[in-house]
Amino acid sequence: MTSAMSTPTQTIPSYLQADKLGPWGIYLQQVDRVVPYLGHLARWEETLRRPKRALIVDVPIQLDNGTVAHFEGYRVQHNTSRGPGKGGVRFHQDVTLSEVMALSAWMSIKNAAVNVPFGGAKGGIRVDPKTLSLGELERMTRRYTSEIGIIIGPTKDIPAPDVNTNEQIMAWMMDTYSMNEGSTNTGVVTGKPVDLGGSLGRRDATGRGVYTVGVEAAQHIGLDISRARVAIQGFGNVGGVAGRLFAEAGARIVAVQDHGGTIYQASGLDVPALLAHVASRGTVAGFEAAEVIEDDKFWEVDCDILIPAALEQQITATNAGRIKARLVIEGANGPTTPEADDILTDKGILVLPDVIANAGGVTVSYFEWVQDFSSFFWSEDEINARLVRIMKEAFAGIWQVAQDNKVTLRTATFIVACKRILHARELRGLYP
Ligand code: GLU
C-alpha cells in the first residue's frame, strides 16, 4: 500500500479558458453573479461552467462549380439534467465554438426559466449562407445534420431555427435524420413547416414572447405601451414580429437598424410597409418613408423601449451610456456585455434579459415537440394562449425573485433557472 495517495486535482479544460471576453466569458461572469444565491446547490456550480458535450464536425460539400468546400460545424449540449438538449442552429460567418457554447448555456437557463422540460443545446456552422446557392445550402445542411446525427434525436437533442436558418432548413434536417434512421421522425427538430409536423404560431412565437413580457415589464415601471417610442435592432423573425405587435398596440417604432443600415422616423415608421420592404429586399435599407441615420447614432435615439434583436455584444461599455430608453428588451441572445449591463442598471434602465425575453420561441418549440409525439395538433389560439400564460407566469416569478433579493432581472432569472437545473442534477445524483 502506498503511503501518500495524491489527491486528484481538478483541471480546467483548455477550451474553457480561452476567450475571456467572448460570449462564453460573458456567460461565466453571469454565473459568478448567481452563485451567491444558490444556497446548498452552489456545490454543483461547476456543472454550469462546463458544457456536458461538445461536438466539432467537418462539413464537406460539393460546390456548384465542381470544387469541394469544407465548413466547420458544431453542436454543443450544455446540460441535459432536466430533459433532452434543445436549442437552435445558426449559420453565420462569425460562429465559433465559444459562441455556440455560450448560446447552449443560455438555452439551459432559458428552458429552465420558463420551466419547459429541456436541457440546453445549440449548433452552428461557420459560413455566410448568402454566399451559397440553394442547392449548396441544402447539401451543407444535410451533411451537417448527418454528422451531428450521432448526438441528436427526438429524445436526445432537438435543434430548431436560429440566425439565418428557417423552416426549409428544418425540413431538410428532419428529412436527413429520418432517412438515416429509416423512419420519419418529425420530433427531431422544431420550427418545421406546418405541413410537416410544425406548429401553428411557431414562426411568430419569439417576437410574441418579446412583446408579452415587454408589456408586463412596462407596466411595472409605469410605461404606457400605447404611447411608447420603440427602437429595434434587427427586423427579422424576432424584431420584425415584436415591432408589428408593439405598433398594433399603439406604440411608435421610431428607429430600426439592420445589417444594411439604420432608418429613423420620429412620428413612427409604417410597420406593415417596412415589413413588406424587408420581405422583398432583405434589409430595411432603401425604405423611402424614413430618414437614414448613421449606424452609431442608433444608440442615442430618443425612445422609451430599445429592443436589440440581432446578435451578441451589441450594447457595450462604449454605447450603453448614451442609451435613452427606460426599458431594454433583449430579443437577441447575449446582446449586452456585463459592463454595459451595469451601466444600464446604474442609469435606472430596466433590462429584460434574453433568457426570459426571447423564451417564447422555445416555448412554442416545446408545444411543437409535444404535438409531434402525440400526432395531435392544437389551434393557433390555443398555442398563443398557452404561450402568453407561460411567459406571464415566468415573468411574475422572476420579478418577485428580483425584488426579494434586490438583484437585476438577469440575475433573478439565473437564480430561478440555475436552482431548477442544479436541483434536478442533485436528485439524479452522480453516475457512477
Ligand atoms: N433559436 C431559438 C432561441 O435562441 C429557439 C430555440 C428552440 O426553439 O429550440 O431561443
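As the structure is a prediction and not an experimental result, all values here were calculated from the model. Every heavy atom of this structure was used, including side-chain atoms; hydrogens, water molecules and symmetry mates were not. Read the numbers this way: they start at 1 and go in the same order the structure lists the ligands and their atoms.
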*Asks:* Roughly how far apart are S104 OG and K52 NZ, rounded to 0.5 Å?
*Replies:* 12.5 Å

*Asks:* Of all the non-hydrogen atoms in the protein, which one sits nearest to atom 10 (O) of ligand 1, and at what distance?
*Replies:*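 In this structure, atom 10 (O) of ligand 1 has K110 NZ, 2.7 Å as its nearest protein heavy atom.
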
*Asks:* Using heavy atoms and a 4.0 Å limit, tell me yes or no: is R202 in contact with ligand 1?
*Replies:*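 R202: in contact with ligand 1 (<4.0 Å).
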
*Asks:* List ligand 1 atoms under 4.0 Å from K122, heavy atoms only on the residue side.
*Replies:* 1 (N), 3 (C), 4 (O)

*Asks:* Check each heavy atom of N333 against ligand 1 and say whether those closer than 4.0 Å belong to the side chain, the backbone, both or neither.
*Replies:* side chain

*Asks:* Do other residues, nucleotides or ligands put more than 12 heavy atoms under 6.0 Å from the CG atom of D404?
*Replies:* yes

*Asks:* Considering only heavy atoms, does P161 approach ligand 1 within less than 4.0 Å through its side chain, its backbone, both, or neither?
*Replies:* backbone

*Asks:* What protein heavy atom sits nearest atom 8 (O) of ligand 1, and how far away is it?
*Replies:* S365 OG, 2.5 Å

*Asks:* Using a strict cut-off of 4.0 Å, indicate which atoms of ligand 1 neighbour a heavy atom of K86.
*Replies:* 7 (C), 8 (O), 9 (O)

*Asks:* Specify side chain, backbone, both or neither for R90, according to which of its non-hydrogen atoms lie closer than 4.0 Å to ligand 1.
*Replies:* neither

*Asks:* For atom 7 (C) of ligand 1, what's the nearest protein heavy atom and its distance?
*Replies:*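 Scanning the protein heavy atoms, the shortest distance from atom 7 (C) of ligand 1 goes to A160 CB, 3.3 Å.
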
*Asks:* Mind checking what makes side chain to side chain contact (heavy atoms under 4.5 Å, CB included) contact with V194, not counting sequence neighbours?
*Replies:* L200

*Asks:* Any chance you could measure F414, atom CZ, to I398, atom CD1, to the nearest 0.5 Å?
*Replies:* 11.0 Å

*Asks:* Report the part of E368 (side chain from C-beta onward, or backbone N, CA, C, O) that has a heavy atom under 4.0 Å from ligand 1; answer both or neither where that applies.
*Replies:* neither

*Asks:* At less than 4.0 angstrom from any non-hydrogen atom of M107, what atoms of ligand 1 do you find?
*Replies:*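 Those of ligand 1 that fall under 4.0 Å from M107 are 3 (C), 4 (O), 6 (C), 10 (O).
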
*Asks:* Would S199 and E368 count as a side chain to side chain donor-acceptor pair (under 3.5 Å) here? Give the steps.
*Replies:* CA-CA 5 Å; S199 178; E368 179 172 335; 5.4 Å; no

*Asks:* Around atom NE2 of H92, are there more than 12 heavy atoms from other residues, nucleotides or ligands closer than 6.0 Å?
*Replies:* yes

*Asks:* Do other residues, nucleotides or ligands put more than 12 heavy atoms under 6.0 Å from the NZ atom of K130?
*Replies:*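 It does: K130 NZ has more than 12 such atoms within range.
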
*Asks:* Output yes when a side-chain donor or acceptor of S81 lies under 3.5 Å from a complementary backbone atom of A424, and no otherwise.
*Replies:*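 No, the answer is negative, given that no donor and acceptor are paired below the 3.5 Å cut-off.
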
